[in-house]
Every structure is written in structure tokens, then in C-alpha cells.
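First the proteins, then the strands, lettered A, B, ... as listed; each starts at 1.
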2 protein chains.
Amino acid sequence: MGPVPEGAEAYRREFPTRVTSSAGQADRRPGIKDVAAIAQVSVGTASDALNGSGRVASRTRARVRQVAEAIEYRPSTLARSFRTNKSHTIGLSIRPFGGAPWQYLAVSYYARLLSAATAEALQRGYALIVLPPNTPQILGRIVIDGAIIADPSPYDLLTDELDLLGVPFVSDLSRMDDPAALCVGNDHAAAVTTVCAHFRSQGARSVGMLLSDGTEDYNTRSLHGYQTWCARNGAPVRVERASTVDPVAMAKAADRLMTGPDRPEAVYTTEGPAGHLLQEAARRNDLRVPDDVLLACAEVPVAGREQLDLTTLNLNAEHVAAQAVDLLAQTLEDQHPIDRHRVVDTTLHVRGSSTRTTSS
Amino acid sequence: MGPVPEGAEAYRREFPTRVTSSAGQADRRPGIKDVAAIAQVSVGTASDALNGSGRVASRTRARVRQVAEAIEYRPSTLARSFRTNKSHTIGLSIRPFGGAPWQYLAVSYYARLLSAATAEALQRGYALIVLPPNTPQILGRIVIDGAIIADPSPYDLLTDELDLLGVPFVSDLSRMDDPAALCVGNDHAAAVTTVCAHFRSQGARSVGMLLSDGTEDYNTRSLHGYQTWCARNGAPVRVERASTVDPVAMAKAADRLMTGPDRPEAVYTTEGPAGHLLQEAARRNDLRVPDDVLLACAEVPVAGREQLDLTTLNLNAEHVAAQAVDLLAQTLEDQHPIDRHRVVDTTLHVRGSSTRTTSS
DNA sequence: ATGAAAGCGCTAACAG
DNA sequence: CTGTTAGCGCTTTCAT
């Protein structure tokens, strides 16, 4: 018999049922010691040969690899992860939305974030695990190297547990005061300012704001940006808030912005799905868009985007995801990124709902 | 000092920098041996006490747990996974769609499948990992206990690798001939029959079919069901196929179904996003819906569902996901489910696009 | 260039 | 009831 037995058959012939304890189960997956035994090297050498550490003769490496291929050896990812203390997985937690905890995929921003984060992570050799928000217990069962917390509520329970476990995570700009924190997000204050300026350029003197009643960072920043703009431009502040969970409440809030003698000449909402609620409210109140009131919203459900002819603020979820994954990956690979706070630009897509056709 | 030091401070006081090799890094996470040392028990006892194996005196268990709590001990999930050979994760792979590999979230069926699978998995203590389709290499880096392959192409490379690794997986009904395979899916043939029967009940004598040119199970089954229905009912077969990737080709295919003297009186498409393509094609060809042609489609993008007034076939993605996770979880927990092939019902939602208002 | 051996942190079998 | 010990499968020194 030659020194290099080839194929799984030869392997089985030479090592018939290598099982130690319970007889009969010859179907156990081959381990690295099987490879080593057949290739007539030690496990250490086999490991080096397979991982290409360079310190093994090319002839023996070839032999070891040949054997590994022949018996279809696959290293145990579990053991390897354990040994290297890396699982190559990152968690992504998205805040609850619309009552149901997983409703968020209906919001284009989060769907895009998830897609892009998954793609970007995989490209770098990480898999993405979808985590529930506010459920730190899950971290006791599963393994992640790092995490991305999208739009955490100010007291998200996950973050504390992650800190305790020493798992690095990226969150939004709400943690910017901590220079060590990893932050990626939009400058929502600037975004709102852009929208308001656009409204004004179209002749609107007053702008109303439809906000969620949540306490996420984007909410507070958007509100702050709005208030600042109003103050600087001598415009009245007109804010309505309602729970994102409750479309009826949202619709009523929209109605409040469309009625009364002092109703604003333009309305913006940070809640994408509320975009068409604004359109419906305008219709209910016999206001023509854009003639009587200008409208815009941040993101919008994917389908029917064009049909709605709605001016939108693109938060560039793909960029956010890419930056977040990049920042996390660098940190996990001990590259100590210098720019740990990253602000992603927003883009205003002007469409019919905010373009004055007749001068007022 | 009492026998039970409380709090991390006491711990650090008593065991100042327990590090063995490199001095100075006192920030290493406490392990089970730290807990054991402080609680004055062996690691085995500590493990039993923490995992509630029942064989330890309640007094000592209390003490051990108290210590663990005090020093904020968290078991290494990596080590535990390694030891128990379980990672509590399942992979979900969804076929590529629309060119971009992650575009599928725009398709409501897949978005719902992902949401529901994630929720169901977490409820059972599993986390869900989003896997790319046709990329078996990823399985060499990450750890999963099982997998769900949604709509695999007939030669999906993932399945072979999963078999090799001994990772159980659920796929669709295309593997029903293997009694050991785990299968969950809709009976697409029956679904198409339902749609055709509905069309006929509304007076349509002929039904056209707009299909993807893919080779997924739902495609072949839908086509087969359609052909069978036509044969049984003496209706002409009129099938157009186009790549889901290519909306232009899809639109052209839709046009072909709307023109000519022998154009069908009703059209169904299995591709949700093509639903409104059918509507547009009808408009282009001056056909009124539903007067001149009846329309229906399987699933539809989430937003604007009501506005489109389109009859849809609900594939009940949530049920599919729940059954798939259930089947997988049972298998992983060695419960050897008897019903390894599970067929999920579909539901026809009749709306305006297929309801004859005037009798023809 | 290669082999031998020491663990990673934890669980589980066995011994007391 | 509790302590001791043997690994899980692999990577990584340290010798040779």
C-alpha cells in the first residue's frame, strides 16, 4: 500500500470503524486526528498544513491536504471558534416597531439596513444574527463577537449586557459623548434643517412636524433640529406626536396639522409609513398637495414609492449599515479605528409633493 | 471576613489580580473557577449549582449562585457550545431574487418568512442567522445547528455541504420523495387550481399564466397544477415566462398575455411583484380590470396592498416559517418528529381585480 | 521541519 | 452531597 491512501474508501479500509466506545456508528465525522493519522503526521503538523501557517514542508502539506480532501474533512467550527475565541458572527438588534416586534421589516429603512448589514458582514466573513431588542437573556445562549444596535431606546437592556460580556457594539449617535463608543448614524438635526430649508425655498413660511412619541435618538435630534430652525427663521413651532404603534393616533395627529387657521404650509414627518397618512389627511381636509400644503417624509415603504410622488429624505441605510459593519469589523480585528464616530449623509429626493407649481 | 464575600469589590480585595501570566490586566472576565474558588467549592460543584442539576445541597447552591451574581459571572457561551455541541443557532437561506442577492426583502413573502422565522426561533431559544444562498464556504466559518433553505434551486450547493456536515435542514417539498428529508411548503399545484377555479367562477373561460423562468419547486409545481387544470377543464394553456431579475422582460411577457385575439380572459402570476406589472400591462393594452381581464397574483409587496385592489393568493409565510422552525427544533432536540413533510395551506383573498361586475 | 504536549472553559462521569 | 478527572477538537507553544 502506498504512503498516500486516496479517497474515503481507502480510509475506511485502513481504519475500519475507528469508533472507541459505542460500536457500530462508523458515520462519525472525521476529525483532524484522522487526517493526521492517515497522512502519517502529528495533529499539530496537520493543523499547520491545513491552515497554511507556512512552517511545514510543501510536500507534506500537499499530502495532508490531499488526505483532508479525500476523506472530506471539515474542521469543527465549534472547536475552532472556542479555541480562537471568535465566532465570526455579529448580532443586529432593531428596536420594536409597530407593536409587533418584527414588524419593522415593513419599514424600508430597516429592511434596507438588515439587507445591507447582512451583505456587508458576509463579505467580510461574518454572519449576521438577528437579535430581538431589549432581551439580554438571549446573549446567554448564543455567541456573537460584536453587535449593532439600531435605534436603541435610551435604556436598552442589551447594551449593558454587552458591556458586561465585553462584546463591542455599534450604536447610534446618542453615545457620542463617550469617545470610546462606536457610533454610526445620520445627523438628523441637519437633515431636518435641509427639509425645512427646501420647504422655505418653495415658499412655505411655516413648517409642521409629525413625530413619533418615542425616545430614540433620531426623534430627539430631529425635534431639536426643527426647533432650532424655527427659532433661527422666525417660524412658528408646530409639532404633533403620536405613537408609531397606532396608525389611528398618527392619522389624527396628521389631521391636527392640516386644520385650523394657523395650519403650517408644509409638513414633514420622520416616520416613513406616516408619509401617506399625511397625504390622506390632506385629502380629508380638502387640501391639495402641493398647492395648499407641501409634504415630505423620511423614507417610505419600498413599494409604490414612485406612485406616491412624495418627497423623501433618504437616510442611506446602506451606508449606515456598511459603516457600522466596517467599524465593528475593524474593532474585532484589533485595528483600533480612529474615527469611532461616523456620521452618514442624508439625501433629499424632491418630488411632486413639495414642489410648488403655482406661486403662492 | 465572612465565608460569603459579597460583591465584586470583595472579590477583587480577596483575589487581587488573579491573572497568571501577563500582569496588570485585572479586567479579564471571571470564569467558573473564579466562582468556585470564592464559593469554596470545586468547579464541578459550581457547574452543577449554576445549572441546577439537582445533585447539590440547596445551601451551597445558593452560595454559589450568590457569588456568581456578585461577581457578575457569565458562562462562556463559546465554551458551553463547544462542550455541548450545540450553538442554538439556525441558518436561514433565501434564494437570490431580483438580481441583487438581498433584494428579496422587498418581496413580502420573504420578508414575512424572515420575520416569522426569527420570532419563532427566538421563542424556542434559537437565534437565526441569515445565510447567503449558494455559498457553502460560509459554513466553514460559522456555526449552526440546523438550517432552513427557502426555495432552493434544484442544485443548491448549500444542501450538499449541510449533508456533509451532518447539519439537519428543512427545505421545500421538492425533496418529498426522501422520507427522511424535512420538508415544509405550500401545495402550489392546489393553489393554482384554486385560483383558476375562482377565475372560472367569475366567468373566465381561459386563464393565462405569468411565471418566473426559475427552476424552483414552486415554479414547476405551479406550472404543473396549471397544466393539469387546463387539461381537465378544456381550457387552452397559455404560459409566459420571464426572468424575475428583469422587470422589462416581465413587462413584455405580461404584454404578450394581454394581446392577440386568443388572449386569456384572466391572468395569474406567481411572482408577487409582477402583480402590478399585470395591471400596467392591462392599462397599456386598453383592457379594463376586471371587465376585460381578471387578474390575480401570489403575494404582493407589503405597502399599497389595499390600494392595488388586487386579488392575491396568500402563501401564509408565517405558517411556513413556524412549521419549518418547529420541525427543525424537534429534530435538533432529538424528538424525531413523525410528520417530516408538512404542507401549509394557502388562502385566496378575492378583491376587485378578479370580481366580475358586468356579466360577459 | 516536525512531534509532543499543554491547554481554551466548561460539562459529565466517576470516586469518594 | 461534593471533589477529582477526563476530555470536547482544535491551535499553539516548546522541544527536538
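Between A/Y73 and the phosphate of D/dC10, there is a side-chain N or O to OP1/OP2 separation shorter than 4.0 Å. B/S42 has no side-chain polar atom (N or O) that falls below the 4.0 Å cut-off from OP1 or OP2 of D/dT2.
Side chain of A/P75, nearest nucleotide from C/dT2, D/dC10, C/dG3: D/dC10. Nearest to the side chain of A/V43, among D/dG3, C/dC10, C/dA5, sits C/dA5.
Taking atom CG of A/N51 as the reference point, atom P of D/dT13 lies 13 Å away to the nearest angstrom. At whole-Å resolution of the value, CD1 in B/I32 and P in C/dC8 are 14 Å apart. Whole-Å rounding puts the B/D34 CG to C/dG9 P distance at 10 Å. The CG atom of A/D48 sits 10 Å away from the C1' atom of C/dA1 (whole-angstrom rounding). Between the CG atom of A/L50 and the P atom of D/dC10 there is a distance of 10 Å, given to the nearest Å. Regarding B/R29, its CZ atom lies at a distance of 13 Å from the C1' atom of C/dC8, rounded to whole Å.
Among the atoms of the strands shown, base atoms are found under 4.0 Å from some heavy atom of A/G44.
Contact of the B/L162 side chain with the B/I144 side chain is registered, since non-hydrogen atoms from C-beta on lie closer than 4.5 Å.
Listed by chain and number, the residues in a ring pair (Phe, Tyr, Trp, His ring centres under 6.0 Å) with A/F169 amount to none (sequence neighbours excluded). With sequence neighbours excluded, the residues satisfying ring pair (Phe, Tyr, Trp, His ring centres under 6.0 Å) with A/Y126 are A/H88.
Closest approach of B/L327 and B/P337 over heavy atoms only: CD1-CG, 3.7 Å. Counting all heavy atoms, side chain and backbone alike, A/I148 lies closest to A/I90 at CD1-CD1, 4.4 Å. Closest heavy-atom contact between A/R74 and A/R29: O-NH2, 2.8 Å.
Judged purely by atom type and a 3.5 angstrom limit, A/S47 has no side-chain atom pairing as donor or acceptor with the backbone of A/V43.
For DNA chain C, the neighbouring residues in residues 76-86 of chain B, judged by any heavy atom under 4.0 Å, are B/S76, B/A79, B/R80, B/F82, B/R83.
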